[in-house]
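A short write-up of the structure that comes next.
Both counts, for ligands and for their atoms, begin at 1 and track the order of listing. For this chain, numbers begin at 1 and follow the sequence in order.
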Amino acid sequence: MPQHVVVIGAGVIGLSSAICLQEAGYSVTIVARDFPTPFEIVDPQTQINYTSPWGGAHNRWVPPHPVPGPERDQALREHALSLSTFKRMEALAAAQPAAGITFMPGIEYLESPGPEYVALTEVAAAELGMPGFRILRADEFPDARVAWGCEYRTWCVNPMVYCCFLLRQFVLRGGRIFKRELRCPDEVFALHSDLGTVNAAVNASGNGFGDKNMSITRGQTCIVTNPCDATVTRQNADGSWTFCVPRGFQGGTVIGGTKEPDNWDPEPSVDVRKTLLRRFAATYPRILDSSGKLQFVRDIVGRRPTRRGGLRLETERAVGGNVVVHAYGLGGRGYELSWGVAEEVVRLVRSELEGRASKL
Ligand SMILES: Cc1cc2nc3c(=O)[nH]c(=O)nc-3n(C[C@H](O)[C@H](O)[C@H](O)COP(=O)(O)OP(=O)(O)OC[C@H]3O[C@@H](n4cnc5c(N)ncnc54)[C@H](O)[C@@H]3O)c2cc1C
């Protein structure tokens, strides 16, 4: 009999982890409060803490800091996870055209580039495995405030098309789902009548359960109907961001966006929306329609699950020796790192359960 793993959470991290665990031969159940649905019916108020629907979501390569130290180590670790995710996205997009993934150019403009960007030559980018990387010439910048720019090949997803696809794959492979709200990860080991014996749990709850290092980073973006031929990101000298993420699959294009630590306001600001639209139109006028406009559809407010010290990806022996693998706190990079995190979850579960089996 295969061992039984319960994944808590049906965001992009829980779904990817559940599929990878199935591929590794485990019997898997997902227990979650929220499951993917069409984007049009996700509730902006009651489901604001379910982050996956509100993400862009694109892959933006983040170069590691050139000076050795913890910051560089963390960035290299995350870069490895993003490379694993990229490979899997490429394979999925080729094999499953309906999965919600689109490959396109990624363009970056920086007004005040940090040392990690200044050090990023085309040779260094090739060594880091960034496909199609090219440094832009100054005459390709949108205006004189931009000091550095690059382009590369990358992917975007339409989040709820993609997450619904993952959920269907999981169920078609025999996965079970339970809609429940839990008080702590340990609770799944007590739900015998619903779940049977549980050999391990994966905490993919986004925010963990009461982790003191967790907070949120509010993001306000909006959707326009204008299509766009690239995902474009501009880092402004004042620390603000101007970006677009084409969602594909009739999801329009996301124009963003804010990054506001510890701001819990669920309401979008009309003034912020106007600023986001104006700034993006100035940076990338190719997106404008024949009347020179962006066609606004709706605002988005989401909460990136941000963790001081970075994501938590490790095993804990909980009460009574129960095995809990934590995989949460992905901040603004959940999609980018998803398959890399899921592969690491399998490695952690396997090493705990195989280690335990050999001790029995
Ligand atoms: C505006 C914005 C733009 C973003 N853009 C990008 C981007 O371009 N690229 C990118 O990679 N990322 C982006 N992100 C970040 C990305 O969306 C998140 O990192 C990702 O969605 C987190 O996924 P998750 O599975 O960890 O958490 P979630 O999606 O929040 O899922 C958590 C799951 O756990 C369940 N759960 C939680 N608590 C309980 C409980 N007590 N009991 C039962 N179930 C529970 C929830 O119901 C849900 O199913 C963006 C985020 C925002 C807000």
Side-chain angles (χ1 to χ4, degrees), residues 6-18 30-37 42 44 46-62 78 81-82 85-86 89 106 154-160 162-163 166-167 177-188 191 201-211 214 216-223 231 233 241 243-247 254-260 263 266 268 276 299-307 311-313 326-342 345:
V6 171
V7 175
I8 303 164
V12 66
I13 298 299
L15 293 163
S16 315
S17 300
I30 298 179
V31 179
R33 183 188 57 219
D34 309 277
F35 281 87
T37 53
V42 188
T46 61
Q47 293 188 291
I48 193 169
N49 293 318
Y50 178 32
T51 309
S52 290
W54 314 116
H58 62 174
N59 173 63
R60 210 176 58 73
W61 298 113
V62 180
E78 291 191 8
L81 300 174
S82 66
T85 306
F86 188 92
M89 288 293 190
T154 194
W155 53 262
C156 296
V157 297
N158 179 319
M160 282 301 97
Y162 178 64
C163 287
L166 294 183
L167 180 63
I177 54 174
F178 280 90
K179 201 159 197 248
R180 295 276 192 289
E181 177 153 15
L182 303 170
R183 290 290 296 276
C184 69
D186 261 359
E187 198 179 333
V188 297
L191 295 176
V202 176
N203 173 11
S205 60
N207 281 292
F209 285 82
D211 180 336
M214 283 304 301
I216 55 123
T217 305
R218 179 182 186 273
Q220 180 175 338
T221 62
C222 64
I223 295 186
T231 175
T233 308
W241 295 70
F243 61 82
C244 89
V245 183
R247 279 189 159 180
V254 169
I255 305 289
T258 67
K259 298 190 181 187
E260 305 163 74
N263 182 347
L276 296 176
D299 293 303
I300 291 179
V301 175
R303 292 173 175 165
R304 301 174 181 91
T306 308
R307 186 165 183 270
L311 72 141
R312 187 172 185 201
L313 190 49
H326 298 286
Y328 65 85
L330 270 293
R333 306 197 71 191
Y335 285 89
E336 286 173 358
L337 309 187
S338 52
W339 289 113
V341 168
V345 163

Close approach of [X] to ligand 1, heavy atoms, under 4.0 angstrom:
X	value
Y328	no
R180	yes
G331	yes
I300	no
F209	yes

Next item on the list: Mark up the atoms of ligand 1 that fall under 4.0 Å of a heavy atom belonging to N49, in ascending order.
Entry: 30 (O)
Checklist line | Per-atom contacts, ligand 1 versus I13 - under 4.0 Å to a heavy atom | finding: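 That gives atoms 24 (P), 25 (O), 26 (O) of ligand 1.
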For ligand 1 and [X], I'd like to know whether there is a polar contact (N/O to N/O, distance under 3.5 Å).
X	answer
P305	no
S52	yes
A32	no
H58	yes
R303	no
A10	yes
W54	no
I8	no
T51	yes
V12	yes

For [atom], the protein heavy atom that lies nearest, with its residue and separation:
atom	result
atom 50 (C) of ligand 1	G55 CA, 3.5 Å
atom 44 (N) of ligand 1	R33 N, 3.0 Å
atom 52 (C) of ligand 1	R304 CG, 3.7 Å
atom 10 (C) of ligand 1	G332 O, 3.3 Å
atom 5 (N) of ligand 1	G56 N, 3.0 Å
atom 41 (N) of ligand 1	L182 O, 2.8 Å
atom 46 (C) of ligand 1	D34 OD2, 3.5 Å
atom 35 (C) of ligand 1	G9 CA, 3.8 Å

Next item on the list: Could you check I216 against R304 for side chain to side chain contact (heavy atoms under 4.5 Å, CB included), going step by step and ending with a plain yes or no?
Entry: CA-CA 5 Å; I216 55 123; R304 301 174 181 91; over 6 Å; no
Next item on the list: Working to the nearest 0.5 Å, report the span between OG of S17 and CD1 of I8.
Entry: 11.5 Å
Next item on the list: Report the distance from atom CG of D299 to atom CD1 of I223, rounding to the nearest 0.5 Å.
Entry: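 Going from CG on D299 over to CD1 on I223, the span is 9.5 Å.
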Check: Can you list the residues that meet the side chain to side chain donor-acceptor pair (under 3.5 Å) rule with Y162, with sequence neighbours excluded?
Finding: W339
Could you tell me whether [X] approaches ligand 1 through its side chain, its backbone, both or neither, with non-hydrogen atoms closer than 4.0 Å?
X	value
Q220	neither
N59	neither
R60	neither
A204	backbone
R333	backbone

Is any side-chain heavy atom of [X] closer than 4.5 Å to a side-chain heavy atom of [Y]?
X	Y	result
Y328	P305	no
E78	R333	yes
S82	N59	yes
L182	V31	yes
I177	F35	yes
I255	C244	yes
I48	R303	yes
P159	R247	yes

Next item on the list: Using side-chain contact (heavy atoms from CB on, under 4.5 Å) as the criterion, point out the one residue from V345, V7, V341 that pairs with I13.
Entry: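 Result for side-chain contact (heavy atoms from CB on, under 4.5 Å) with I13: V341.
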Notebook entry, point to check: With distance as the sole criterion, is a donor-acceptor pair present between the side chains of S338 and T85 under 3.5 Å?
Noted result: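 Per modelled atom types, S338 and T85 side chains form no pair under 3.5 Å.
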Checklist line | Non-hydrogen atoms of F209 and N203 that approach each other most closely | finding: CE1-OD1, 3.5 Å
Margin query: So, using side-chain contact (heavy atoms from CB on, under 4.5 Å) as the criterion, who are the partners of T233 when residues are at least two apart?
Written below: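 Counting only residues at least two positions away or on another chain, T233 forms a side-chain contact (heavy atoms from CB on, under 4.5 Å) with H58, R60, E108, W241, F243.
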